[in-house]
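Following: one structure in structure tokens, then a few remarks.
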Amino acid sequence: MVEVTVATQEITNRILAFPSNPQLDSEEEVAEWIEAFDQVVDEEGTNRGGDLLSALIERARQSGVEIPLQLNTPYINTIPVEEEVPYPGDRQLERRLKSLTRWNAMAMVHRQNKKDPGIGGHISTYSSLATLLEVGFNHFFHARYGDQPGDFVYFQGHASPGVYARAYLLGRITEEQVKNFRHELRGLPSLSSYPHPWLMPDFWRFPTVSMGLGPLNAIYQARFMRYLENREIIARTPRKVWAFVGDGETDEPESMGSLTLASREKLDNLIFVVNCNLQRLDGPVRGNGNIIKELEAAFRGAGWNVIKVLWGSDWDKLFARDKAGLLVKRLGEVVDGEYQTYKVKGGAYIRSHFFGKYPELLKMVADMSDEELHRLSRGGHDPQKVYNAYKRAVEHEGSPTVILAHTVKGYGLGSAEARNATHQEKKLADQSLTAFRSRFAIPIPEIAAKEGRLYRPPDDSPEIVYARQRREDLGGFLLKREVPDLKFQAPPLSGFSDSLEGSKGRAVSTTMGFVSMLRQLMKNPQVGKLIVPIIPDEGRTFGMESIIRQVGIYANAGQLYTPHDQEMLLYYREEKNGQILEEGITEAGSMASFTAAGTAYANYRVPMVPFFTYYSMFGFQRIGDMVWAFADSRGKGFMMGGTAGRTTLAGEGLQHQDGHSLVLSSTVPTCHSYDPAYVYEIAVIVQDGMRRMYQEMEDRFYYITVYNEDYAMPKMPAGCEEGILRGLYNYRPGVGEAALQLFGSGPILNEALRAQEILGEKYGVQANVWSVTSYNELRRDALAVERWNRLHPAEPEKTPYITTALAGAEGPIVAATDFMKVVPDQLAPWLGGRLVTLGTDGFGRSDNREHLRRHFEVNAESIAAAGLSRLARDGKFDVQRAQKAFQELGVDSEKIDPAIA
Ligand SMILES: Cc1ncc(C[n+]2csc(CCOP(=O)(O)OP(=O)(O)O)c2C)c(N)n1
Ligand SMILES: [Mg+2]
């Protein structure tokens, strides 16, 4: 007779409860099976046990037995204590360092909020993360690998006071900076609230504080690292990408949405550490459930290596006593809301509510005081457990790793510990400050503690010497962003000769012209291999098949199948060293690749030039926050908004026709937006862009619209380069003195040209036609000039480019765009009330271009009629004749306003 232990009993009960197995009515039968299995594991090891189970499962499946999917493992540490290696560092010195970092991180926020109420900051995120970072800094985070850059670490944004505090202790940043935390505008060295490369360009590499963007960008960073290695642009090193993620942060779809990419691409250079303090801002992450179990199942299901670090070493003696598995069972029963309450309510409550559930467990802890029970630590606060998890993660091969670390939010903050409100805590009461000082043995007088005084031991103190030595062994300071001199030479404009020559009468779109240009650029011996074309499954939409054939799609496994179209010239070519990133249908993922590529000049010291081409409707409005973070990262490159325009993309209707991406792009300070009509304009913009971004090292990037309407591309007229770059030039002057100025952009320039003909031929009105490549650039120039004039009233006034360019051009200005009216209206302040704007405000429609342009009143006829109407109002054209023109031109004066249709 088998002895039925509690654990066996428990398993037996569960099996008997399966509705599919009602015939299993004997406890003993199950117990016998378990005993047999236990014997195999005891005698032949865990691997053998696993093999046996796998074989059984396969057999069961073949026999049609339904096996419940089980992605969770018991609620204990993944690494058993017997498999742990001893901690290699000096635990005492490291604890001391950590305590000092904790103190200074808290003091930095506390002081500042006392001095400047409402300035904000966070203390409880770092307090839960301290051990997880400290072990990394002392033992894992490499600053360099030989002459190669080191590991990349994405920090939880709200933990930045801790990162600063450590940098302060090590002398990486000054006391003055710390004292000016969140005081960036006082002309003194300071610290930004969160990780922002824009604000601290020699310190932070990755902006992370918008939840979800850090983990997503980290995945694509690790992927891009492999891309560069496989293309032999950088050497392969053991470098890792570490991403510290909040457990609440995993609610964001961006955090979890690309997990399978990481496993599919076998990114064993990627390590996520989820700081599972069970709380987010308002309260518990999964009060009624268990976030760690949920994440374990999700990550395991997605093919990640999962390491749970749940319980500290002080639990090990209890597990050793837990022969029956009752403690493990109890740990797995408790919901997160309850775990949080244990930390707040303390030892007596833990004894009665946690251990008290089973008399055996109460007995197990009978020799422990309430205080000891309260102190029982969570894995993420135990360096021994954390070290072992990191070591396993670093050594793991074949898939990415996630470490689910159980922590306490507000750890050590006394009354703020684990409280729902802890995230918002900025200041501690005197009592909490002195308690903190005693608990972490901060050697400052009580009075100084109450002031939240910073404390840094002398440089020659053992802990500082130790910490510096550890960093030196790992290659130096980690928090360092450097931009090398890349010696990049942009190809001259003559290198774009095909694009400048025009299409010789052939009707092509600016998209096709751009793709040809890209093809030519990729053949350039100097810069060709630095180009990174990125596409979210729209290669065919943009006619990029030829590029796919030319340079191949990057695929870490190469091409494991025979493509059905292999016989064709333009077959679907995948290669291990392919150049194109064909991302599948993910604009967010593509933007993350664009970010990795567009910051490679700093992070990998190689000036990669990404071109991210996508459906313009699904760019800024869908992933605008990622673009903002890209700009913060000082990203460079070209975003190419394809199928642009609300009337040029025919048939697709409301969800696809983009008439506002240029409005959104204008909000990003380093983004330079262009809306070109002709391919030579694109060539001029791209050439100059490469020069300015990579040769002159300006922190800027480009948004360029490309359209799918075919028309003849003219040869570049002489001398228009400056106008193209600054935003406007007179493309086709009228015959003789022009009474009217017509502005056109993108394919609508052709409508303006046709309007010019109508006006001349039918109404005897001469007009100039201007190609406006960028209202946004013109406005920025005018604003800058105006500001200078305002600030220097005693100096002679400067003139904005728009005013200079239009000198002598008289009469009303009719601006027509395939975008919203607000795009040209940006220039109104400098056009003296002469501007009449035609644009595509309102929802799109499914119809062809002719009907769409009539509906939105941006066709040639509407432009001509608008010109005559305005001339009539100005008394320069006969009113009756103007009224009649509307009928003649088929412009319905009484139809519904498209802006509200
Ligand atoms: C996209 C976005 N939404 C909201 C916030 C505001 N916010 C800042 S921290 C936070 C809670 C974070 O919780 P968690 O990820 O669990 O981190 P913890 O502080 O607990 O470590 C929220 C909602 C943000 N920073 N970004
Ligand atoms: Mg949290």
Side-chain angles (χ1 to χ4, degrees), residues 75 102 105-106 109 113 120-133 154-163 193-195 206-218 243-259 272-299 306 308-310 334-345 378-381 402-428 625 629:
Y75 202 62
R102 283 182 187 286
M106 180 278 297
V109 179
N113 280 277
H122 299 84
I123 53 183
S124 63
T125 301
Y126 176 71
S127 60
S128 65
L129 191 66
T131 302
L132 292 165
L133 287 192
Y154 290 71
F155 293 96
Q156 267 185 280
H158 297 82
S160 46
V163 178
S193 51
Y194 301 118
F206 310 113
T208 47
V209 81
S210 175
M211 310 257 110
L213 303 192
L216 178 65
N217 278 323
F244 288 83
V245 183
D247 50 357
E249 185 173 11
T250 63
D251 288 342
E252 292 282 7
E254 288 88 346
S255 303
M256 304 294 284
S258 293
L259 296 187
F272 269 24
V273 181
V274 187
N275 173 15
C276 297
N277 54 28
L278 315 186
Q279 291 177 240
R280 41 175 133 85
L281 194 156
D282 286 337
V285 179
R286 297 287 183 272
N288 295 318
N290 191 288
I291 185 63
I292 294 176
K293 286 185 193 166
E294 185 178 320
L295 293 175
E296 178 185 34
F299 277 92
V306 179
K308 284 185 298 175
V309 184
L310 304 188
V334 176
V335 294
D336 286 353
E338 209 42 54
Y339 274 122
Q340 186 189 347
T341 303
Y342 295 154
K343 273 294 160 201
V344 176
K345 298 239 168 165
R378 298 198 171 161
H381 293 290
V402 61
I403 291 163
L404 302 174
H406 195 193
T407 58
V408 178
K409 191 149 177 166
Y411 183 88
L413 297 182
S415 61
E417 189 169 287
R419 304 262 170 189
N420 280 332
T422 190
H423 189 86
Q424 301 295 70
E425 214 67 59
K426 319 273 174 231
K427 283 181 285 193
L428 294 187
D625 196 20

Give, for atom CD of Gln424 and atom CD1 of Ile123, the distance between the pair rounded to the nearest 0.5 Å.
-> 11.0 Å
Applying side-chain contact (heavy atoms from CB on, under 4.5 Å), run through His122 and Tyr194 and close with a yes or a no.
-> CA-CA 10 Å; His122 299 84; Tyr194 301 118; 2.9 Å; yes
Sorted by chain and residue number, the ring pair (Phe, Tyr, Trp, His ring centres under 6.0 Å) partners of His406 (sequence neighbours excluded) come out as Trp311, Tyr339
Any side-chain heavy-atom pair of Glu425 and Leu413 under 4.5 Å | no
Ignoring hydrogens and angles, tell me if any N or O in the side chain of Lys426 forms a donor-acceptor pair with the backbone of Gly121 under 3.5 Å.
-> yes
Name the orientation class of the two ring planes belonging to Phe299 and Phe272 (parallel below 30°, tilted from 30 to 60°, perpendicular beyond 60°).
-> perpendicular
Report yes or no: does Thr208 contribute a side-chain atom to a donor-acceptor pair with the main-chain N or O of Phe155 at less than 3.5 Å?
-> yes
Using atom types as modelled and distance alone, determine if a side-chain donor or acceptor of Arg419 lies under 3.5 Å from a backbone N or O of Val344.
-> no
Any donor-acceptor N/O pair, Thr422 side chain to Ala416 backbone, under 3.5 Å | yes
Say whether, by atom type as modelled, one donor and one acceptor occur between the side chain of Ser160 and the main chain of Ser193 under 3.5 angstrom.
-> yes
Check ring pair (Phe, Tyr, Trp, His ring centres under 6.0 Å) between Tyr154 and all other residues, then give those that pass, not counting sequence neighbours.
-> Phe206
Does any pair with a residue in residues 279-291 pass salt bridge (charged side-chain N to carboxylate O under 4.0 Å, His left out), and if so which ones, sequence neighbours excluded?
-> Asp251-Arg280, Asp251-Arg286, Arg286-Glu294
Is it the case that Glu249 and Asn275 place a side-chain donor and acceptor less than 3.5 Å from each other?
-> no
Scan Val274, Asp336, Asn277, Leu404 and name whichever one has a side-chain contact (heavy atoms from CB on, under 4.5 Å) with Ile291.
-> Asp336
Going through the checks in order, is the side-chain contact (heavy atoms from CB on, under 4.5 Å) test met by Val402 and Leu295?
-> CA-CA 9 Å; Val402 61; Leu295 293 175; over 6 Å; no
So do His423 and Gln279 actually touch side chain to side chain, heavy atoms under 4.5 Å?
-> no
Mind checking the CZ-OG spacing from Arg102 to Ser127? Nearest 0.5 Å is all I need.
-> 6.5 Å
Please answer whether the main-chain N or O of Phe244 pairs with a side-chain N or O of Gln156 as donor and acceptor at a distance below 3.5 Å.
-> no
